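Take a look at the structure below.
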Number of protein chains: 2
Amino acid sequence: MRDFSRSLPMSLLRAREAVMRQFRPSLREHGLTEQQWRILRALAAIEAVEVTELARTAFLLGPSLSRILRDLEARHLIERKTAKADQRRSMVSISKEGVKLMASVAPTSEAIYAEITRRFGARKLAELQDMLGALEQSLAELGGAEEASSEE
Amino acid sequence: MRDFSRSLPMSLLRAREAVMRQFRPSLREHGLTEQQWRILRALAAIEAVEVTELARTAFLLGPSLSRILRDLEARHLIERKTAKADQRRSMVSISKEGVKLMASVAPTSEAIYAEITRRFGARKLAELQDMLGALEQSLAELGGAEEASSEE
DNA sequence: CGCATTCACTTAACATGTTAAGTATTTCGC
DNA sequence: GCGAAATACTTAACATGTTAAGTGAATGCG
């Protein structure tokens, strides 16, 4: 069996960790986790979204998102109101406080990202992103844990 | 601020998830999590290791490893004995049962890896791994959350 | 209409990630 | 040798990942 420390999953894990190590301290200073930050960023780009759509955008599973939204709402960083047309749906948006918090974190975050880009090289970075996207595409068709399939 | 869904951390996260999605169902059938599997694989390559070294190899934080080792030991998949020279250290090794379990999982796991390689292309895969390693290197010097530094 | 099915979440339960604190052992300096 | 500091874990506490089950609201269909 191949040396697992050289396997693709490990390479991806280590690379991502190397990147996130740079951001976490700054986020932490502002009382945010990586996932909470992802949600705020996703919300900043739009007026309001449904929870399910937000889960897709922020790449979080429903249960994680449910918990985090509960906490972010308690901290008044986001707002929620149920859709009138469909009482099941809930529309989420970032609050003024949330926007303010983002503004205070963004500069450092941008600087870190710029430094990473500078170190690794902008061209190589773009290339890497392309390959990662291609990898994702390659496996998208393959699925992995679908439902509504023809199996069984 | 740049569209965060195209940021490096998100690209890495999505790519890794796309890969792990392929493996998880098979591991699950054998009652193993991704992390438990990593530990068994790391142990399979050697006689015995200290916990700290294992944490480095399997890329797990100490507390996670502590818990998982406790559980794997209870399931008799690993064995532990304190080093005679240094009572603080504990030497971990895989058990016969552990080896047997690995043997039952490995074929499927190998097949999945082969399929991923086939889909994405062996050459591209090697190239991607190189880039991921390079990225890691770029950021290694930068650190991120070190101690014993000259800051403060 | 009536009711089974689907849908959009939320809760629950257990495993891991992450940081801080705790414990026992060893090493170092004097 | 002895006490402070370092080392190798382990525990604790809280946040998220992951799967399964639960809840209330909408839909589809006979």
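Just so it is clear, the model here is predicted, and its values are computed rather than measured. Numbered from 1 within each chain, the chains take letters A, B, ... in sequence-line order.
Below the 3.5 angstrom threshold, one finds no donor paired with an acceptor across the side chain of A/Arg88 and the base of C/dC9.
Under 4.0 Å is where a charged nitrogen must lie from a carboxylate oxygen, and between A/Arg88 and A/Glu50 no such pair does. For the pair A/Arg118 and A/Glu115, the salt-bridge criterion is met [side-chain N within less than 4.0 Å of a carboxylate O].
When only modelled atom types and interatomic distance are considered, B/Glu79 and B/Ser95 share no side-chain donor-acceptor pair under 3.5 Å.
Rounded to whole Å, atom P of C/dT18 lies 9 Å from atom CG of A/Leu13. Whole-Å rounding puts the A/Arg89 CZ to C/dC9 P distance at 7 Å. Between the CG atom of B/Leu54 and the P atom of D/dT10 there is a distance of 11 Å, given to the nearest Å. Between A/Leu27 atom CG and D/dT16 atom P the separation is 12 Å, expressed in whole Å. The CZ-C1' distance, from A/Arg56 to C/dC9, rounds to 17 Å in whole Å. Atom-to-atom, CG of A/Leu61 to C1' of C/dT10 comes out at 14 Å; the value is rounded to the nearest Å. The CD1 atom of B/Ile68 sits 15 Å away from the P atom of D/dC9 (whole-angstrom rounding). For the pair A/Glu73 CD and C/dC9 P, the interatomic distance rounds to 13 Å; values are reported in whole Å.
Applying the 4.0 Å criterion to OP1 and OP2 of C/dG17, one finds that B/Gln35 has a side-chain N or O inside that range. Note on A/Thr33: every side-chain N or O is 4.0 Å or more away from OP1 and OP2 of C/dT18. Contact between the side-chain N/O atoms of B/Arg67 and the OP1/OP2 oxygens of C/dA15 is not found at any separation under 4.0 Å. Phosphate contact (OP1/OP2 of D/dC9, side-chain N/O of B/Thr52, threshold under 4.0 Å): present. Taking only side-chain nitrogens and oxygens, A/Ser64 never comes nearer than 4.0 Å to OP1 or OP2 of D/dT18. Remark: A/Gln36 is in phosphate contact with D/dT16, judged by side-chain N or O atoms under 4.0 Å from OP1 or OP2. The phosphate of D/dT16 has neither OP1 nor OP2 within less than 4.0 Å of any side-chain N or O from A/Arg38.
Counting any heavy atom pair closer than 4.0 Å across all strands shown, B/Leu65 reaches no nucleic acid atom.
The shortest side-chain heavy-atom distance between A/Glu97 and A/Met102 does not fall under the 4.5 Å cut-off. Counting only heavy atoms from C-beta outward, the side chains of B/Leu132 and A/Leu128 approach each other to under 4.5 Å.
The listed nucleotides are C/dT11, D/dT19, D/dC9; the one nearest the side chain of A/Ser66 is C/dT11.
The residue among A/Glu17 and A/Arg70 whose nearest nucleotide of DNA chain C lies closer to the 5′ end is A/Arg70. Place B/Arg24 and A/Ala85 on DNA chain D by their nearest nucleotides, and B/Arg24 ends up nearer the 5' end. Annotation: of the two residues near DNA chain C, B/Asp86 and B/Gly62, the 5′-most nearest-nucleotide partner is B/Gly62. Comparing A/Phe59 and A/Lys84, the nucleotide of DNA chain D nearest to each residue sits closer to the 5' end for A/Phe59.
Here A/Glu127 pairs with B/Glu127, B/Met131 under the side-chain contact (heavy atoms from CB on, under 4.5 Å) rule; sequence neighbours left out.
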